[in-house]
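Reading through the structure tokens given below for one structure.
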Amino acid sequence: MSKPARKQRLSVYLDPAVMNRLADHAARRDQSRSLIAEAAIESFLSPDAAERQEAAITKRLDQFDRRMVRLERDVGISVEMLAVFVRFWLATTPTLPEPMAQSARAKAAERYAAFVTALGRRLAKGPKLRQEIAEDVLPDEG
């Protein structure tokens, strides 16, 4: 029965910044610098290293794309909701004479504070408006 081959020694010269990063990484992982360097060299020389890296990047890009699609949808909902509200508000709110306008502004401040409180509660516990709106709503034909 033969003995397993001993590891061979390799001396390398590293830039001090690279050596510091290697030492820090090894200390965080509680591993030797030699073991970390060996794993890095093996990964670099592995024929499928580029493919694994590409797969990891592709996975991250796909996640990023899904997040961007959701963000675009949410912003679209917000803009449309604001437009509908402003259109409704302008159509239903008459202008007030000045003596009534002052008391209306005071009442508006009170109502706004209640609105912000309710919004805070809604954001804290949900459900979110985007969850209540169907993904596949078709535009009106007419």
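What you see is a predicted model; the values in this text were computed from it and never measured.
Atoms CZ and CZ, on Phe88 and Phe85 in that order, are 8.5 Å from each other to the nearest 0.5 Å. With rounding to the nearest 0.5 Å, the separation of CD in Gln102 from CG in Leu96 is 11.5 Å. Considering CD of Gln53 and OG1 of Thr58, their distance stands at 10.5 Å, rounded to 0.5 Å. Atoms CG and CD, from Leu61 and Glu54 in turn, are 10.5 Å apart once rounded to the nearest 0.5 Å.
Other residues, nucleotides and ligands contribute more than 12 heavy atoms inside 6.0 Å of the CD atom of Gln63. At most 12 non-hydrogen atoms from other residues, nucleotides or ligands lie less than 6.0 angstrom from CD of Gln8.
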Original post:
Given the rule in the side chain to side chain contact (heavy atoms under 4.5 Å, CB included) test, do Arg60 and Phe64 qualify, once you have shown the distances and angles that lead to the verdict?
Top reply: CA-CA 6 Å; Arg60 283 188 150 178; Phe64 181 71; over 6 Å; no

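Under a 4.5 Å side-chain heavy-atom cut-off, the cluster of Ile, Leu, Val, Met, Phe, Trp and Tyr residues that includes Val69 has no other member. Clustering of Ile, Leu, Val, Met, Phe, Trp and Tyr side chains at separations under 4.5 Å leaves Val12 isolated, with no partner residue. In the hydrophobic clustering, where aliphatic and aromatic side chains (Ile, Leu, Val, Met, Phe, Trp, Tyr) are joined below 4.5 Å either directly or transitively, Leu22 groups with Leu14, Val18, Met19, Ile36.
Applying the salt bridge (charged side-chain N to carboxylate O under 4.0 Å, His left out) rule to pairs touching residues 78-87 yields nothing, sequence neighbours excluded. Residue pairs satisfying the salt bridge (charged side-chain N to carboxylate O under 4.0 Å, His left out) criterion with at least one member in residues 106-122, sequence neighbours excluded, are listed as follows: Lys107-Glu110, Arg122-Glu132. Counting only residues at least two apart or on different chains, the salt bridge (charged side-chain N to carboxylate O under 4.0 Å, His left out) pairs with a member in residues 21-38 are Lys7-Glu38.
At a threshold of 4.5 Å between side-chain heavy atoms, the hydrophobic network of Ile, Leu, Val, Met, Phe, Trp and Tyr places Met81 and Val84 in two separate groups. Under a hydrophobic clustering in which Ile, Leu, Val, Met, Phe, Trp and Tyr are joined whenever their side-chain heavy atoms come within less than 4.5 Å, directly or via other members, Val86 and Trp89 fall into the same cluster. Under a hydrophobic-cluster definition in which Ile, Leu, Val, Met, Phe, Trp and Tyr are linked whenever side-chain heavy atoms come within less than 4.5 Å, directly or via other members, Leu82 and Val75 are assigned to different clusters.
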